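Please read the structure below before turning to the comments.
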Amino acid sequence: MEKTALEDRVFYPSEEVVKNANITQEIYEEAKKDRLGFWKRMADELVTFFKPYEKVLDDSNPPFFRWFTGGTTNVSYNCVDRHYNSPKRNKAALCYESEIGRKVILTYRELYVEVNKFANVLKGLGVKKGDRVCLYMPMIPECAIAMLACTRIGAIHSIVFGGFSSESLADRINDATAKILITADGNFRRGTPFPLKNNADVALQSTPSIEKVVVVKNAGNEINMVEGRDLWYHDLMATADKYCPPEEMEADAPLFILYTSGSTGKPKGVQHTTAGYLTQVQATLKYVFDLKETDTFWCTADIGWITGHSYVVYGPLALGMTSFMYDGTIDYPDKDRMWDMAERWGVTVFYTAPTAIRTFMKWGTEYPKKHDLSQLRLLGTVGEPINPEAWMWYYENIGGGRCPIMDTWWQTETGGFMITPTPIIPLKPGTATIPFPGIEVDVVDENKQPTDRGYLVVKSPWPSMLMTIWGDDNRYIDQYWKRFGDMYFAGDGAKRDEMGYIWVTGRVDDVLNVSGHRLGTAEIESALVECEEVAEAAVIGKKHDVKGEAPCAFVILKDGFTGSPELVDKLKKHVGVKIGPIARPDDIIFTASLPKTRSGKIMRRLLRDIAEGRALGDVTTLADPGAMQEIAAQYAGKED
Ligand code: WT7
């Protein structure tokens with residue numbers, strides 16, 4: 001993180017904001033005195049249980065913590081039925097706009113009907129409690145409907161981001177042995193349909209567990225429907241019954257699986273649970289984004305990521321709020337698209353990622369200036385540390401200097417916000433500030449001792465924590481609980497300042513953060529070594545103005561092959577096809593050797609130094625010191 005003078009600037013909340021905020025100082029104090037009591041109160045206020053729980057937290061079998069055990073509930077019941085049965089019945093639940101300007105508003109009543117019908121469709125296709133349903137969909141209302149329909153019948157959804165490749169999709173379907181795939185013909189990207197179903201078709205050649213494919217007609221692009229396997233969503237919905245009783249689910253039943261990258265080549269199926277998740281996503285949204293009945297909340301994340309799960313769908317709907325979703329590129333037809341929509345839909349709370357903010361910043365203030373953004377009252381960011389310069393730009397040009405910015409630190413694994421300001425907390429550009437009430441984190445050294453610069457850990461279980469890694473309890477333990485024993489290790493480094501604020505400095509494991517998306521270096525490396533020309537590859541994250549980090553690959557070719565611009569293109573393309581476009585390396589550097597420690601570990605820090613053009617660090621631990629000079633020379637040559 002660059003040290004700037006701004007780091008010392010503190011923005012105090014206005015009296016007005018403090019007076020109207022859902023959160024109070026007393027709530028922080030309450031949670032500090034009695035953490036479990038606070039979470040109990042949250043669950044009692046925010047979740048409708050069918051059968052009351054017996055225990056707030058069952059910690060008898062760590063690290064397999066269970067929340068609200070003994071209770072039963074249903075997530076779709078909490079997200080739609082209880083609003084359908086209230087004066088919110090005709091309130092907008094989901095507002096949607098497509099890239100080509102198609103608009104849909106679903107009220108809670110309408111959403112209720114659609115969810116019930118689609119739950120019956122899934123039942124009709126043989127989906128039962130505990131079965132896995134894979135979603136490979138655009139950001140369309142049907143995606144939220146399908147999620148809620150799964151939860152209604154107790155099926156576990158696994159959403160695969162639409163930007164992932166066929167192979168990534170197939171891997172995820174097979175790991176979860178999903179029975180049904182729900183997808184769409186395509187969706188618009190810069191005015192042309194992106195062929196989602198065609199991609200799915202390639203995956204479906206190697207996914208024996210899939211019995212049926214449900215296809216939403218969205219972009220109208222030509223697709224192939226396989227007789228007996230592929231079914232149109234609208235055909236199935238046309239004859240579906242209007243009511244499906246919600247399945248009574250155990251509080252700790254699995255709710256969904258979401259794959260994320262780790263430090264090995266194989267993505268992890270992060271498994272989330274029911275009542276604890278529902279408690280924390282609502283509590284955090286209510287107190288951090290301070291949602292009120294009159295708000296229109298726009299979280300720009302794709303539903304394919306955890307942010308979309310928790311804060312486009314489950315959090316806002318469970319709270320009975322209005323959630324806006326947009327499916328399209330941010331600069332189509334022009335660079336003011338986001339602000340145009342924010343104005344037209346009357347967005348009051350806006351939540352996006354630093355990479356997007358840096359892009360807006362690059363485009364200039366003329367675009368937000370074209371629109372009246374005076375309805376905005378609160379802003380947020382997530383995904384990576386935000387550089388103070390981007391924070392200031394966001395604060396001044398989007399928030400008009402009046403909207404507090406909630407910099408929320410959390411992860412796919414945490415399910416909901418963990419370290420975050422609330423509107424009553426003084427802000428500093430670049431820090432996620434302090435833990436949310438009821439959350440206990442620390443910065444520790446190798447020996448678990450508190451320090452001002454070290455590893456970020458969570459010291460006690462929290463309601464929306466992952467249950468395990470799908471099908472791999474050992475990996476769950478190894479990954480998160482081995483290093484610091486009874487503390488959850490997040491994989492991030494952090495420092496603590498004199499105000500006690502936590503500054504997350506980024507991953508300390510072999511995980512890249514490209515535009516707020518996690519990619520394992522091992523995943524990209526294994527894609528590269530699949531190519532017949534490649535003997536060995538090392539991938540590192542290179543600092544990038546917009547993306548935060550960009551993948552950069554050092555490649556050793558097999559004998560008989562030589563590097564060429566064509567080969568660079570081929571390798572980049574292969575990674576794009578294998579994993580998805582976000583994983584495509586920006587640079588590929590051919591080299592004869594890689595710097596390794598004596599134990600054979602690639603010295604990524606040194607590769608990063610070279611890629612970013614810094615002076616070479618200490619190379620005395622290198623097995624072959626000459627390697628470094630050679631790589632440096634190659635890289636310098638490339639930039640000429
Ligand atoms: C990793 C989690 C949580 C949804 C988006 C990404 C980084 C996330 C922040 C923040 C600094 C952040 C961390 C974390 N990260 N938010 N506000 N400040 N870093 O979810 O893909 O699970 O990635 O993103 O490195 O570990 P994810």
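Atoms considered below: every heavy atom in the structure, side chains included; atoms not considered: hydrogens, waters and symmetry mates. Note that ligands are numbered from 1 as they come in the structure, with each ligand's atoms numbered from 1 the same way. Worth saying up front: this structure is predicted, and the values here are computed from it rather than measured.
Minimum heavy-atom separation, Leu94 to Val312: CD2-O, 4.3 Å. The two residues Trp410 and Gly416 have their closest heavy-atom pair at CB-O, 3.1 Å.
Using a 4.0 Å cut-off to heavy atoms of Asp407, the atoms of ligand 1 that qualify are 10 (C), 17 (N), 18 (N). For ligand 1 and Asn513, the ligand atoms under 4.0 Å from any heavy atom of the residue are 7 (C), 24 (O). Of all atoms in ligand 1, listed by their number and element, those nearer than 4.0 Å to a heavy atom of Val382 are 3 (C), 4 (C), 5 (C), 16 (N). The ligand atoms of ligand 1 that sit less than 4.0 angstrom from a heavy atom of Thr307 are 4 (C), 5 (C). Heavy-atom contacts of Thr408 reach the following atoms of ligand 1: 9 (C), 10 (C), 16 (N), 17 (N) (cutoff under 4.0 Å).
Scanning the protein for heavy atoms near atom 16 (N) of ligand 1, the closest one is Gly383 N, 3.1 Å. Counting protein heavy atoms only, atom 14 (C) of ligand 1 is closest to Asp492 OD2, 3.2 Å. The protein non-hydrogen atom at the shortest distance from atom 6 (C) of ligand 1 is Gly516 O, 4.0 Å. Of the protein's non-hydrogen atoms, the one nearest atom 2 (C) of ligand 1 is Trp410 O, 3.7 Å. Protein heavy atom in closest approach to atom 1 (C) of ligand 1: Arg507 NH1, 4.1 Å.
For the pair Lys428 and Tyr501, the distance from NZ or CZ to the six-membered ring centre is under 6.0 Å and the angle to the ring normal is within 45 degrees. At least one cation-pi condition fails for Arg189 and Phe194: the charged atom is not both under 6.0 angstrom from the six-membered ring centre and inside a 45 degree cone around its axis.
In this model, no donor atom of one side chain and acceptor atom of the other lie less than 3.5 Å apart for Glu389 and Tyr394. Tyr455 and Arg483 share a donor-acceptor pair across their side chains, judged by distance under 3.5 Å alone.
At least one N/O-N/O distance between Arg518 and ligand 1 falls below 3.5 Å. The shortest N or O to N or O distance between Val504 and ligand 1 is not below 3.5 Å.
Under a 4.0 angstrom heavy-atom cut-off, Pro385 registers as being in contact with ligand 1. The closest approach between Ala432 and ligand 1 stays at or above 4.0 Å for every heavy atom of the residue.
Between Glu99 and Asp327 there is no side-chain heavy-atom pair separated by less than 4.5 Å.
Proximity of the aromatic rings of Tyr311 and Phe417 is defined here by a centroid distance below 6.0 angstrom, and this criterion is met.
Of the residues Lys459, Lys32, Arg35, the one that meets the salt bridge (Lys or Arg N to Asp or Glu O under 4.0 Å) test with Glu440 is Arg35. In summary, of the residues considered (Phe360, Trp345, Trp363), a ring pair (Phe, Tyr, Trp, His ring centres under 6.0 Å) with Trp339 occurs for Phe360 alone.
The backbone and the side chain of Gln411 each have at least one atom closer than 4.0 Å to an atom of ligand 1 (non-hydrogen atoms only). Counting heavy atoms closer than 4.0 Å to ligand 1, residue Ile306 contributes side-chain atoms (C-beta onward) but none from N, CA, C or O.
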